[in-house]
Amino acid sequence: MRLYNIVTGRGFWQVAFFAFQVKGAIFQSAKDLPTVDYDFIVIGGGNAGNVVVNRLTENPKINVLLIEAGPSNEGFTDAVIPFLCTMTAPDTAMDWNFTTTPQTALNGREIIYPRGHVLGGSTSINYMAHLRGTTSDWNRYASITGDNGWSWDSLQPYFRKLERWTPPVDGHNTTGQFDPTIHGTDGMLPISLPGFSQSIDDRIIETTKQLSNEFPFNEDMNSGNHLGIGWVQASINKGRRSSSATEYLSDQFIKRPNLHIIVNTRVTRLVKTSVQRGIPVFTTVEFTQSTDGPRSHLTAKKEIILSAGTVGTPHILLHSGIGDFSSLSKLGIAPLVNLPDVGKNLSDHPLLENSWLANSTNTFEAVARSPAMAMAEWNATQQGPLVDTVVNHLGWLRLPDNATIFEKFDDPSSGANTAHFEFLISNGLLSASIPSTGNFMSITTGVVSPVSRGSVTLATSNPFDSPLIDPGYLTSEFDLFTMKSAVRSAQRFLSAPIWNGYIIAPVNGLENTTTDAGLEAYIRANTVTIFHPVGTAAMSPRGSSHGVVDPDLLVKGVVGLRVVDLSVLPIVPAAHTQAPAYIIAERASDIIKAAWKL
Ligand SMILES: Cc1cc2nc3c(=O)[nH]c(=O)nc-3n(C[C@H](O)[C@H](O)[C@H](O)COP(=O)(O)OP(=O)(O)OC[C@H]3O[C@@H](n4cnc5c(N)ncnc54)[C@H](O)[C@@H]3O)c2cc1C
């Protein structure tokens, strides 16, 4: 979803934005790193990695090195002003700029596949919606792994420890828009409701009354039961993005003498350090600052923590000889640990933007066509249309119990309180080029309990070559059925009387979906990603022959190596994935501290 198509150009926003101070405590080059025996080396300063380095360095006796491939997050305007989130990727220095392999169920299209390449990782470039998932999502992880510590109830302390509930920047009365009893108030990450009222907000809420059976209002989607339509909660504080970099690596933490961070430095592989009772020890990391640059090595006294994300983590494991022996051998990589599931089992949410011409002059298009006013307001007061992400409301919805698809498929959702598809309701176009006239609204639909699975594999033995990312979108008939149902459901949403006279006509191909064949063609031609891949280093029970990590996140068959990021989730939750990544990392930090008696 790329709003930058509709603004007058990236240059305007950047010139108008005031300069940031650059922090000094981050090393730009390996040769500047002090000589220290690090207890832990964390790879990837992203969503999860920054949580771990923060929590481990709470103990002043523990030395931690964080290695991040991308630059510091400081100075990137688009990573600060929430509404500019759609400009953070692709084709920026903050993005790895991946694309997928040709997607067989999407007419062979290669899909743009952003991943954060910057301190804060994907939380520096994402759209900030904050969703915990449902009780049954987390209880399913507990059941799959055999570790009750991953259940919804067990994780409650971490949900609260993470959150710092924050009033919206416009100070409006939020009664009835969230449930204050279920939120943390003194945690690390500010979470708030929208701070700028959109002209369609009242109509959306009225729809939940006029069509309450199909679209009930849900006061708080983070209660464990997310079904219905409700207000989005987002990691935004006083009109600015909150990321794992702005919060977990804020000045007070980055100044800790026991934390060293090196940016613009890519880990190329892990090196077998020794063998302990017949098991290989992987506590040495190899890294470099350019394709042809010298490779440096450092060894952690205790552990390496791999937090390079669902694409980066399997990429590094495979280049280290940890993966499927026969595939590694074919590429000429010495196979060291046979873990066939590394890079397999990728699950993700496919996404489709559905748009209508609207009878309004007060939509995103109005902001995009006159950005100077909005930017001036944000610069002067940090108020106005730029203070929020690009949706004020989300919906989480299920297929009917008697849907014909259940004659062929078991229900893939984690339980009866968990959606099959999602609505993201926006006051304008998100991805298409904006015509010079016209105003729009969109209900973007996502398949959030998918059956399709994909993979991350290596294209070559060169760690600087991008991996082959195949999310397998809509390769399961179940997912195609769900996407069709989601589009039909969005059309029914707008059939509520409150939209009479507001919605003029479907656009961008949606007008060709009156037949089932037309709908299918439209879906295959336009589906993209909502950026939520998980599963490529999945947890499984201790001692299990499948999976990649044990429930304590230690890599199977190896000593000294743990994975802490979204790749460990065996199935994608019916949620946006930043909150799950934070939660995994908060619990993992306690697991690591307990293991080392810190
Ligand atoms: C454009 C976009 C929009 C999104 N919108 C939302 C949203 O609104 N709400 C939501 O909940 N989720 C959203 N997500 C998803 C969510 O942000 C991610 O799923 C989550 O942040 C991933 O966390 P992670 O810790 O697993 O990985 P990341 O945060 O991606 O961190 C991985 C880090 O490792 C680094 N790294 C990788 N390889 C190497 C290497 N070889 N050497 C050194 N460093 C390396 C990367 O540069 C990165 O900093 C979005 C994601 C994107 C990309």
Side-chain angles (χ1 to χ4, degrees), residues 1-2 41-52 66-73 78-79 82 85-90 92-98 112-133 232-236 241 243-245 262-270 285-289 306-317 319-320 348-349 351 389-391 394 424 463-464 466-467 528-537 563-569 572-573 575-585 588:
M1 301 199 284
R2 299 164 61 186
I41 299 176
V42 178
I43 301 168
N47 193 153
N50 293 342
V51 176
V52 175
L66 172 64
I67 304 178
E68 166 56 39
S72 160
N73 57 308
D78 304 343
C85 58
T86 54
M87 297 164 68
T88 57
T92 71
M94 292 187 285
D95 183 16
W96 282 83
N97 296 310
F98 294 131
I112 289 169
Y113 209 70
R115 297 282 88 202
H117 173 261
V118 57
L119 271 187
S122 297
T123 65
S124 290
I125 68 166
N126 73 10
Y127 296 179
M128 297 156 286
H130 195 77
L131 284 307
R132 297 169 172 175
V232 74
Q233 300 173 14
S235 49
I236 295 174
R241 174 190 294 267
S243 69
S244 74
I262 180 164
V263 292
N264 298 315
T265 302
R266 190 182 299 205
V267 169
T268 43
R269 64 181 179 126
L270 309 169
V285 57
E286 178 185 277
F287 54 95
T288 183
Q289 293 193 291
L306 196 42
S307 297
T310 299
V311 174
T313 284
H315 192 238
I316 293 170
L317 287 171
H319 279 292
S320 312
D348 196 0
H349 297 155
L351 187 84
T389 184
V390 288
V391 288
L394 299 176
L424 301 96
F464 277 84
S466 293
V528 291
T529 176
I530 190 172
F531 329 112
H532 296 160
V534 310
T536 51
V563 177
V564 182
D565 59 29
L566 274 183
S567 66
V568 303
L569 282 186
V572 69
H576 298 217
T577 41
Q578 76 164 27
Y582 280 117
I583 295 305
I584 289 166

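Every number for a ligand or one of its atoms is a count from 1 in the order of the listing.
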What I want to know is whether [X] and ligand 1 share at least one N or O pair that is separated by under 3.5 angstrom.
{"X": "D565", "result": "no"}
{"X": "N47", "result": "yes"}
{"X": "S567", "result": "no"}
{"X": "L566", "result": "yes"}
{"X": "A579", "result": "no"}

Number the atoms of ligand 1 from 1 as they appear, then name those within less than 4.0 Å of a heavy atom of [X], with their elements.
{"X": "R115", "value": "51 (C), 53 (C)"}
{"X": "M128", "value": "7 (C), 8 (O)"}
{"X": "G309", "value": "26 (O), 27 (O), 32 (C)"}
{"X": "H117", "value": "47 (O)"}
{"X": "V118", "value": "49 (O)"}
{"X": "I125", "value": "1 (C), 53 (C)"}

So, using ring pair (Phe, Tyr, Trp, His ring centres under 6.0 Å) as the criterion, who are the partners of H576 when residues are at least two apart? W396, H532
Do [X] side-chain atoms and [Y] backbone N/O form a donor-acceptor pair below 3.5 Å?
{"X": "R132", "Y": "A575", "result": "no"}
{"X": "W96", "Y": "P114", "result": "no"}
{"X": "T265", "Y": "V263", "result": "yes"}
{"X": "D78", "Y": "C85", "result": "no"}
{"X": "S243", "Y": "S124", "result": "no"}
{"X": "T389", "Y": "Y127", "result": "yes"}
{"X": "T536", "Y": "S567", "result": "no"}
{"X": "R115", "Y": "G121", "result": "no"}
{"X": "S244", "Y": "N50", "result": "no"}

If you look at every heavy atom in T577 and L566, which pair is closest and at what distance?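 So the two residues come closest at CB-CD1, 3.3 Å.
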What residue and atom, counting heavy atoms only, is the protein's closest point to [atom], and at what distance?
{"atom": "atom 25 (O) of ligand 1", "result": "A48 N, 3.0 Å"}
{"atom": "atom 39 (C) of ligand 1", "result": "W96 CZ2, 3.8 Å"}
{"atom": "atom 52 (C) of ligand 1", "result": "F531 CB, 3.4 Å"}
{"atom": "atom 48 (C) of ligand 1", "result": "G116 O, 3.2 Å"}
{"atom": "atom 9 (N) of ligand 1", "result": "A129 O, 2.8 Å"}
{"atom": "atom 45 (C) of ligand 1", "result": "A69 CB, 3.8 Å"}
{"atom": "atom 41 (N) of ligand 1", "result": "V267 O, 3.0 Å"}
{"atom": "atom 47 (O) of ligand 1", "result": "E68 OE2, 2.7 Å"}

Proximal candidate to atom 30 (O) of ligand 1 [heavy atom criterion; set G121, S122, C85]: S122
Just to be sure I'm reading this right: ignoring hydrogens, which of G44, S124, P114, G49 gets closest to atom 53 (C) of ligand 1? Compare them by their nearest heavy atoms. P114
Could you tell me if T529 and D348 have a donor-acceptor pair between their side chains, going purely by distance under 3.5 Å? yes
Could you tell me if T313 and D565 have a donor-acceptor pair between their side chains, going purely by distance under 3.5 Å?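 Indeed, the side chains of D565 and T313 share at least one donor-acceptor pair under 3.5 Å.
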Which residues satisfy the salt bridge (Lys or Arg N to Asp or Glu O under 4.0 Å) test with R269, sequence neighbours excluded? E286
Under 4.0 Å, heavy atoms only, figure out whether ligand 1 is touched by the backbone of [X], its side chain, both or neither.
{"X": "T265", "value": "backbone"}
{"X": "H130", "value": "neither"}
{"X": "T268", "value": "neither"}
{"X": "S307", "value": "backbone"}

To the nearest 0.5 Å, tell me how far N47 CG sits from I584 CD1.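 It is 9.0 Å, given to the nearest 0.5 Å.
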Could you tell me if any non-hydrogen atom of I316 lies under 4.0 Å from any atom of ligand 1?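 A heavy atom of I316 does come that close to ligand 1.
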